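First comes the structure, then the notes that go with it.
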Amino acid sequence: MELTATDYEILKAIYTGRVSSGTPVNHFVDYCDNVIGGDPKPLVAAGYIVTDHNEINGLTEKGTKAYEAHASQESNS
């Protein structure tokens, strides 16, 4: 899966704590739709976001690495 700028914004929302652990998935989907303009479900399905008991519980190692690599690239530009 090639991540888009919107996907990185979704990962950033979790990484930076704008969306905290324990947020219900349906609220997170609404947040992403209304604030970011994207859908986090493909990121969950691809293993970037941890969900337990229908809640967002952070980024997986894959999600963290992807976001940090992107953030590093952005800061070097």
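Atoms considered below: every heavy atom in the structure, side chains included; atoms not considered: hydrogens, waters and symmetry mates. Since the model is a prediction, treat every value here as computed from it, not as a measurement.
- The side chain to side chain donor-acceptor pair (under 3.5 Å) contacts involving residues 40-64 comprise Glu61-Lys65, where partners must be two or more places apart or lie in separate chains.
- None of Ile36, Asp39, Leu43 except one satisfies the side-chain contact (heavy atoms from CB on, under 4.5 Å) rule with Asp7; the exception is Leu43.
- Side-chain contact between Val44 and Val25 is absent, with no heavy atoms from C-beta onward closer than 4.5 Å.
- Residues Pro40 and Gly38 approach most closely at CD-O, 3.9 Å, considering heavy atoms.
- When the side-chain contact (heavy atoms from CB on, under 4.5 Å) test is applied to Ser20, the partners found at least two apart in sequence or on another chain are Thr23.
- When all heavy atoms are compared, the tightest approach of Glu9 to Arg18 is O-NH2, 3.6 Å.
- Under a hydrophobic-cluster definition in which Ile, Leu, Val, Met, Phe, Trp and Tyr are linked whenever side-chain heavy atoms come within less than 4.5 Å, directly or via other members, Met1 and Val50 are assigned to different clusters.
- The ring-ring contact (aromatic ring centres under 6.0 Å, His included) analysis of residues 13-38, with sequence neighbours excluded, yields the pairs Tyr15-Tyr67.
- We find the CD1-CD1 distance between Ile14 and Ile49 to be 4.0 Å, quoted to the nearest 0.5 Å.
- In this structure the side chain of His70 never reaches within 4.5 angstrom of the side chain of Leu11, judged on heavy atoms.
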